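Labels below follow one simple rule: chain letters A, B, ... track the order of the sequence lines, proteins then strands, and each chain is numbered from 1. Treat the numbers as computed from the prediction; the structure is a model and nothing was measured. Computation of the quantities below employed the complete heavy-atom set of this structure, encompassing side-chain atoms and omitting hydrogens, waters and symmetry-equivalent molecules.
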2 protein chains.
Amino acid sequence: MCAVSTSRPYHHGDLPAALLHAALGLLEDGEPFSLRAVARRAGVSPNAPYRHYADKEALLAALATYGFGRLADRLEAAAELTDMAEEYVSFALAHPGLFRLMYGRPTANAAAARTAEILAGRVTAPALQIGAWAMVHGLAVLLLDGKLTCPDPAQLVRATVAAVLTPAVRG
Amino acid sequence: MCAVSTSRPYHHGDLPAALLHAALGLLEDGEPFSLRAVARRAGVSPNAPYRHYADKEALLAALATYGFGRLADRLEAAAELTDMAEEYVSFALAHPGLFRLMYGRPTANAAAARTAEILAGRVTAPALQIGAWAMVHGLAVLLLDGKLTCPDPAQLVRATVAAVLTPAVRG
DNA sequence: CGCGAATGTATACACTGCGCACATTAGGAA
DNA sequence: TTCCTAATGTGCGCAGTGTATACATTCGCG
């Protein structure tokens, strides 16, 4: 059958990127995430993604490493530990779906470790490095899950870092 | 049709409790969690649970509040902040499915708040209370997600609390 | 031009959560 | 005792999911 001129071409051009973009869109919009929904949003058949990603996990893993890259960029742009903590939490709150996905995948632990290293760059003692990461991550997760309600999360982060981390670093 | 004598009775007796138990078993065994699997494990038809729980969320919410109860018991039995932190993390590592479920439900925030209060009982300053909870929870989550590998988690918790929380509390 | 490889589509299966109608049973009323 | 009603469990069906398999279309190279 001949394609009508107005129809889009059989071959998409750059489906892998389009799929990633569509998946990100689903996460940002908080819509239920399914491979079929991703394909739908990319305007492609339900099985087309399988040409580029082995399975759903593979797409999610790609999303996770992308997310860790974005987070690392943000962290590296911060000057002090307090700023990094604030960026970390604000990233989580701005992209809840992506953030949860990043830390939920057993894959992409290397990317997570790199993120941790950037954070640790502002701290000296090893126990403090882990403690700082854990506290900031804990704040992010608790806020994300609604276990810690607060009108001004950024302020909360700064106060908590000042009360806990700063004395420990000085100590 | 007449029931054969060896078959179990039509009415279960205490299905709600049996369903909770079956669900817990699924979580502990790390098997994929589905309402049908819960019903299967309880030896009952796929739709029987709907007589006792409005939907899947309701069952999960019941599980979550149960889990928070168990965690609170453990925390209250601990004498010092360090012990509580260790209990918190060890609970998470011992019951990963249940722990993730507890903090993943938007419901049962009251139970989570109660847990936080128990933890806060060992700390005075408000910012420190939140910081302590966040750090301990962060350690639990990072360990659970495999982002923080460590041969002896309990030791890690004690060291981190000693390095970060104790100095901050001392002021 | 022609053919093979890459890419997208169609169809199909097992599984899920869940609504609806029906079967079975328990427990009180006559 | 017998019967009736409400509680409880079952069967069937629907929409939606991940994914395997077979097919159609198109691009790029000879």
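Atom CZ in B/R51 sits about 11 Å away from atom C1' in D/dA6, given to the nearest Å. Between the P atom of D/dT25 and the CG atom of A/L15 lies a distance of 18 Å, rounded to the nearest Å.
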Atom pairs and distances, side-chain donor-acceptor, residues 14-26 of chain A, under 3.5 Å, sequence neighbours left out:
none

Can I get a per-line list of side-chain donor-acceptor pairs under 3.5 Å for residues 133-146 of chain A, giving both atom names and the distance, sequence neighbours left out?
unit_1: A/W133; atom_1: NE1; unit_2: A/Y88; atom_2: OH; d: 3.2
unit_1: A/H137; atom_1: ND1; unit_2: A/Y88; atom_2: OH; d: 2.8
unit_1: A/D145; atom_1: OD1; unit_2: A/R100; atom_2: NH1; d: 2.5

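Remark: A/R70 engages no residue in a salt bridge (charged side-chain N to carboxylate O under 4.0 Å, His left out) (not counting sequence neighbours). With sequence neighbours excluded, no residue forms a salt bridge (charged side-chain N to carboxylate O under 4.0 Å, His left out) with B/R122.
Against DNA chain C, the stretch residues 95-103 of chain B makes no heavy-atom approach under 4.0 Å.
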Could you go through nucleotides 15-18 of chain C and list every protein N or O atom that sits under 3.5 Å from one of its N or O atoms, giving the distance for each pair?
unit_1: C/dT16; atom_1: OP1; unit_2: B/S34; atom_2: OG; d: 3.2
unit_1: C/dT16; atom_1: OP1; unit_2: B/R40; atom_2: NH2; d: 3.4
unit_1: C/dT16; atom_1: OP2; unit_2: B/R40; atom_2: NH2; d: 3.1
unit_1: C/dG17; atom_1: OP1; unit_2: B/L35; atom_2: N; d: 2.6
unit_1: C/dG17; atom_1: OP2; unit_2: B/L35; atom_2: N; d: 3.1
unit_1: C/dG17; atom_1: OP2; unit_2: B/R36; atom_2: N; d: 3.1
unit_1: C/dG17; atom_1: N7; unit_2: B/R36; atom_2: NH1; d: 2.5
unit_1: C/dG17; atom_1: O6; unit_2: B/R36; atom_2: NH1; d: 3.3
unit_1: C/dC18; atom_1: OP2; unit_2: B/Y50; atom_2: OH; d: 3.1
unit_1: C/dC18; atom_1: OP2; unit_2: B/K56; atom_2: N; d: 2.9
unit_1: C/dC18; atom_1: O5'; unit_2: B/Y50; atom_2: OH; d: 3.3
unit_1: C/dC18; atom_1: N4; unit_2: B/R36; atom_2: NH1; d: 2.8
unit_1: C/dC18; atom_1: N4; unit_2: B/N47; atom_2: OD1; d: 3.3

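Side-chain N/O atoms of A/S90 and A/R74 include a donor and acceptor closer than 3.5 Å.
Within the 3.5 Å criterion, the main-chain N or O of B/A111 finds no donor-acceptor partner in the side chain of B/T65. A/Q129 places a side-chain N or O within donor-acceptor distance of the main-chain N or O of A/V123, the cut-off being under 3.5 Å.
Distances shown here put a side-chain N or O of A/H52 below 4.0 Å from the OP1 or OP2 atom of C/dG8.
Between B/F68 and B/Y103, the distance from one ring center to the other falls under 6.0 angstrom.
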